[in-house]
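Here the structure is a predicted model, which means the values were calculated and not measured. Chain naming here is simple, since letters A, B, ... match the order of the sequence lines and numbering starts at 1 in each.
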There are 2 protein chains.
Amino acid sequence: MKLQPVDISKTASVADIVFEALRKAIIEGDLKDGEPLRQDEIARLFNTSRIPVREAITMLEQQGLVTTQRYKGAVVASIAPDEVAEIFDFRALVEGTVIKAAVERMSEESRRKARQCHEAFSSSTDPMAWGDLNRQFHYTLYQDSGLPYHLGIVNNALDRIDRYLRAQLMLSNGRARAHDEHLAILEACEAGKAELAADLTRRHILGAKTSLLDHLKRK
Amino acid sequence: MKLQPVDISKTASVADIVFEALRKAIIEGDLKDGEPLRQDEIARLFNTSRIPVREAITMLEQQGLVTTQRYKGAVVASIAPDEVAEIFDFRALVEGTVIKAAVERMSEESRRKARQCHEAFSSSTDPMAWGDLNRQFHYTLYQDSGLPYHLGIVNNALDRIDRYLRAQLMLSNGRARAHDEHLAILEACEAGKAELAADLTRRHILGAKTSLLDHLKRK
DNA sequence: ATATTGTAAATTGGATCCAATATATGCATA
DNA sequence: TATGCATATATTGGATCCAATTTACAATAT
């Protein structure tokens, strides 16, 4: 007998499913800043009761993706330019450290996968896919860092500003620039130059920050 | 008529109260690693139903303070030495950055309050109070950083290892050493030496890390 | 005695119901 | 018309109930 074992106790609850769906909708910008989340409406959409929906919403609140007021409900969290800037600074700090650790123990497999992501990013013509590919590229480079706690925090930070990152990529030369900078980072990783990769990553993130903030102010 | 206005819509729900109580119990070590959280039992303790308890538990899970398994329930999250080490590294990285920003804009008020905390820490004979005073001291020094996002993350990291920090303070010369290092940090802040304060803070945290890990291994 | 199976008790997940609060609507009045 | 008030409706928070699953335990077989 050969069976692929599945740990049932880790299967997703209804709340998990609702949470993931809402999270995706928020970070992809399908649910806009300040848009209210009606428990009843969501429950109907998912053919369930309000209980799992409420659970999903409290999860989202802990993640900072929605804000709730007692008896008024939850709205998609809006985020001030100041906080966007701070999160980019934070990312530069942490992701720099993470990639440095990762380069020193990066597997051949990860390098290959990263290059694949990079190529997919370059050749994709679907602006909606850019955000995913961009994120996947970075994540692949971080994977081998051996710093799961750092990675969790980085992922949460990325969730908070994903919408803006996507917007930034669609700016005039956002994607071309990302392409070039990604390539430089990738080459540093492949050459085993950890400190260089860290430096390029930091600059990559801070560059995206200024570019995005310029754009936000001009509007 | 003079009234202190209170925003009713921000008053705590039952779930918030339960959450805070459980959080406190976990970080102070009253609830031990791996100890199960029975919804029914907790609900009875707080004279409420299981619904707010469940909400509190999902909040704790998002904070990483408990882990849950479907249909099996929640237990206080245990934390491997590796992860303790990683969190200390993370703290050194972020808190160094935070205190550097804070020194450059620290108010007279905050400096005075920090010194008060330091003195209270020195003179307190209650080992249980040390943890609080230690944390309050650091937090006061970080307050003026203008980096609320960073502060939130740091607070969460502290929650995760608070138990171990308390243990570390009670080690042979843990408190004496903390006292000396705190004093050095405080003086650097008062002298406006931001980079020095950052460096001392990083070393303070990494020192606590090695001291604690040594202790964990010896056991 | 040990292992295995079946059943009862305990526990969690989800649905439904009620209470508390907020929002919208209509009416009266200046 | 604009303002204030009262009521109706909508929405969230919490309690209770039922279903799904796990855990404890007794009975049975080897």
[X] has an atom [atom1]; how far is it from atom [atom2] of [N], in whole Å?
{"X": "A:I42", "N": "D:dT11", "atom1": "CD1", "atom2": "C1'", "answer": "13 Å"}
{"X": "A:N47", "N": "C:dA15", "atom1": "CG", "atom2": "C1'", "answer": "13 Å"}
{"X": "A:F46", "N": "C:dA15", "atom1": "CZ", "atom2": "P", "answer": "13 Å"}
{"X": "A:K72", "N": "C:dT21", "atom1": "NZ", "atom2": "C1'", "answer": "10 Å"}
{"X": "A:R70", "N": "D:dT11", "atom1": "CZ", "atom2": "C1'", "answer": "14 Å"}
{"X": "A:F19", "N": "C:dG13", "atom1": "CZ", "atom2": "C1'", "answer": "18 Å"}
{"X": "B:E61", "N": "C:dG13", "atom1": "CD", "atom2": "P", "answer": "9 Å"}
{"X": "B:L37", "N": "C:dG13", "atom1": "CG", "atom2": "P", "answer": "12 Å"}

Task: D:dT12 OP1/OP2 closer than 4.0 Å to side-chain N/O of A:R38 - done: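 Affirmative; the distance criterion is met.
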
Task: Any A:T48 side-chain N or O less than 4.0 Å from OP1/OP2 of C:dA15 - done: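 Checking C:dA15 against A:T48, a side-chain N or O does come within under 4.0 Å of OP1 or OP2.
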
- [ ] Please confirm whether B:F121 and B:F137 have ring centers closer than 6.0 angstrom.
- [x]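 No: the rings miss the under 6.0 Å criterion.
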
Side chain of [X] - closest among [options]:
{"X": "B:Y71", "options": "C:dA15, D:dT21, D:dT12", "result": "D:dT21"}
{"X": "B:Q39", "options": "C:dG14, C:dG13, D:dG14", "result": "C:dG13"}
{"X": "B:R50", "options": "C:dT12, C:dA15, C:dC17", "result": "C:dT12"}
{"X": "B:P52", "options": "D:dA15, C:dA15, C:dG14", "result": "D:dA15"}

Task: Residues B:R112 and B:E109 bridged, charged N to O under 4.0 Å - done: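 Result for this pair is yes, salt bridge flagged.
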
TODO: Report which part of the nucleic acid A:I57 touches: base, sugar-phosphate, or nothing (heavy-atom distance under 4.0 Å, all strands).
DONE: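 It contacts nothing in the nucleic acid.
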
- [ ] Find which nucleotide of DNA chain C each of B:I51 and B:D40 is nearest to by heavy atoms, and output the residue with the more 5' nucleotide.
- [x]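 Nearest nucleotide further toward 5': that of B:D40.
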
Task: B:E28 vs B:D162 side-chain heavy atoms within contact, under 4.5 Å - done: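 Not in contact.
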
Open item on the list: What I want to check is whether an N or O donor and acceptor connect the side chain of B:R54 with the base of D:dG14 at under 3.5 Å.
Closed with: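 It does not, because no donor-acceptor pair links the side chain of B:R54 to the base of D:dG14 below 3.5 Å.
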
Open item on the list: Parallel, tilted or perpendicular, judged at 30° and 60°: which one describes the rings of A:H182 and A:H138?
Closed with: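 Taking A:H138 first and then A:H182, their aromatic rings stand perpendicular (interplane angle over 60°).
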
